[in-house]
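A short worksheet on the structure shown next.
These figures come from a predicted structure and were not determined experimentally. Along the sequence shown, the residues carry numbers beginning at 1.
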Amino acid sequence: RLGGDEFGICIMFEPEYPETVDRVAEDLVEAMARPVAMSSGEQSVTASIGIARPDLDCDSIDTLMRRADIALYAAKKNGRNGFSWFENGMEIELRTRNSLEADLRAAIPNDEFAPFFEQQINLQTGELVGFEMLARWISPIRGMIPADDFITVAEETGLIGDLSMRVTRKALIEAKSWDPSLSIAINISPTQFKDPWLAQKLIKLLVETGFPASRLEVEITESALFKNLPVAQNIVSSLKNRGIRVVLVDFGSGYSWLAHLRALPFDRIKIDRSFIGSMAMNSESAAIVSAIAGLGSNLSVPITAEGIEDAEIIPQLID
């Protein structure tokens, strides 16, 4: 036993047959994933395994253990209940990631994050109806960093809540002076849904900034709903009771999305950009977009198409 929930295993095997170790790892993961009977009911755990071998430029036990730990991190990153062998590139990737995390921890109190805004256009009229707020990291060292490059690290380290609230506050203050007909949409990370006070924190920001609740849209991904529907229902209800509109984004990309439409009263649906981007070349994507648009029409729920980069598909979307 190496720590609270970490264990080390030494296995003898023929170097030519590493699949022997693969089978052991698979059996361990399968055994750990079986539900365990407890007094409070069945409980399940997950296991991730990192594997390193000493015959590949490894001259000490400390190096071997460090590499196994790096492989363990890679296994966790790829999803729970799996295993991964150490590869040289993993060490470089981990150092890069740790450097980004250190800079991120310093950047939040240094106020290095700013809101950027993406237009939302009514395709029928061509009218500007609002903006979606996107976070950007303006680092004095790294320069301009898009959200895709740091959001995952912020989620893994638990920094996403503080980061999100700081950027949202800036966005609300800036948008308050816009034309009253323009709305602002903010995206909530699935990780933030673990916070039972999320709705109250957003409502507090509205009060402190004086931003009208009717002009705010909160975007929620399907994955956030799938992980904890009861908590999501409470958060959505609290937001809507204050006049905040709630939008389901990445719609159609997975999970039991029709059940979510029935369980939660969304004000708008945003079709996942993967379907929009492939409409012109993929008839199946076009059919899915058409089906979702028809569903929204029948439910009287407005539809947003995300990620329109080709003007040629606009007539198809309007039809």
Side-chain angles (χ1 to χ4, degrees), residues 1-36 38 43-110 112 137 139 141-142 145-164 189-195 223 227-228:
R1 183 177 184 178
L2 305 176
D5 62 351
E6 291 190 358
F7 297 83
I9 301 173
C10 180
I11 299 176
M12 300 285 288
F13 73 101
E14 295 292 335
E16 297 84 4
Y17 302 102
E19 60 270 17
T20 303
V21 183
D22 289 350
R23 287 195 291 270
V24 173
E26 289 169 353
D27 290 343
L28 282 170
V29 168
E30 181 183 350
M32 292 296 292
R34 294 173 191 156
V36 179
M38 308 284 286
Q43 299 290 329
S44 299
V45 298
T46 61
S48 299
I49 299 175
I51 308 170
R53 51 191 293 177
D55 56 334
L56 299 176
D57 188 31
C58 185
D59 56 4
S60 70
I61 291 294
D62 287 342
T63 300
L64 184 67
M65 295 299 293
R66 188 183 78 252
R67 289 182 173 182
D69 196 50
I70 291 171
L72 174 62
Y73 171 79
K76 290 180 177 180
K77 183 180 178 182
N78 292 332
R80 306 289 176 170
N81 275 352
F83 67 92
S84 179
W85 284 82
F86 172 80
E87 298 175 1
N88 287 326
M90 290 180 179
E91 197 157 12
I92 298 172
E93 181 181 347
L94 184 60
R95 283 201 299 267
T96 301
R97 190 263 184 204
N98 288 343
S99 174
L100 181 67
E101 178 185 336
D103 289 351
L104 184 64
R105 289 186 180 278
I108 295 175
N110 289 343
E112 295 177 9
W137 179 3
S139 168
I141 300 172
R142 299 173 179 265
I145 306 174
D148 289 347
D149 293 350
F150 63 82
I151 288 296
T152 299
V153 176
E155 290 175 335
E156 291 174 353
T157 55
L159 299 171
I160 188 65
D162 188 15
L163 190 160
S164 176
S189 162
T191 306
Q192 291 177 265
F193 267 79
K194 297 177 182 178
D195 181 1
S223 58
K227 290 177 180 177
N228 199 334

> Checking side chain to side chain contact (heavy atoms under 4.5 Å, CB included) for the pair W137/L100: CA distance, chi angles, key distance, verdict?
Replying inline: CA-CA 12 Å; W137 179 3; L100 181 67; 3.5 Å; yes
>> Assess the residue pair L94 and I92 against the criterion (side chain to side chain contact (heavy atoms under 4.5 Å, CB included)); give the C-alpha distance rounded to whole Å, side-chain angles, the decisive distance to 0.1 Å, and a yes or no.
In response: CA-CA 5 Å; L94 184 60; I92 298 172; over 6 Å; no
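W85 and D22 are linked by a side-chain donor-acceptor pair at a separation below 3.5 angstrom, with hydrogens and angles left out of the test. Side-chain atoms of S60 and T63 form a donor-acceptor pair, as typed in the model, at a separation below 3.5 Å.
Here the side chain of N110 pairs a donor or acceptor atom with the backbone of A106 at under 3.5 angstrom. Not one N or O on the side chain of D149 forms a donor-acceptor pair closer than 3.5 Å with the backbone of I145. Side-chain atoms of T20 come within 3.5 Å of backbone N or O of Y17 as a donor-acceptor pair.
Within 6.0 Å of the CZ atom in F7, the count of heavy atoms belonging to other residues, nucleotides or ligands exceeds 12. For L2, the CG atom sits in a packed shell: over 12 heavy atoms of surrounding residues, nucleotides or ligands are nearer than 6.0 Å.
Taking 4.5 Å as the limit, every side-chain heavy atom of L159 sits out of range of all side-chain heavy atoms of V153. Side-chain contact between E6 and L72 is present, with at least one heavy-atom pair separated by less than 4.5 Å. Counting heavy atoms from C-beta outward, S84 and K76 have side chains that stay 4.5 Å or more apart. R53 places none of its side-chain heavy atoms less than 4.5 Å from the side chain of F86. Looking only at side-chain heavy atoms (C-beta outward), V24 and F13 stay at 4.5 Å or farther from each other. Looking at heavy atoms from C-beta onward, D5 lies out of side-chain contact with V45 at the 4.5 angstrom threshold. Using a 4.5 Å cut-off on side-chain heavy atoms (C-beta onward), F150 and L163 make contact. Between I160 and Q192, the closest side-chain pair of non-hydrogen atoms falls below 4.5 Å.
Across every non-hydrogen atom of L64 and P54, the tightest pair is CD1-N, 3.7 Å. In plain terms, the two heavy atoms of M90 and A71 that are nearest each other are SD-CA, 4.0 Å.
For residues 94-110, every residue pair satisfying the salt bridge (Lys or Arg N to Asp or Glu O under 4.0 Å) rule, not counting sequence neighbours, is listed here: R97-E101, R97-E156, E101-R105, D103-R142.
With sequence neighbours excluded, the residues forming a salt bridge (Lys or Arg N to Asp or Glu O under 4.0 Å) with E93 are K77, listed by chain and number.
The line from OG of S189 to CD of E155 is 3.5 Å long, rounded to the nearest 0.5 Å. The structure places CG of N81 at 5.5 Å from OG1 of T46, a figure rounded to the nearest 0.5 Å.
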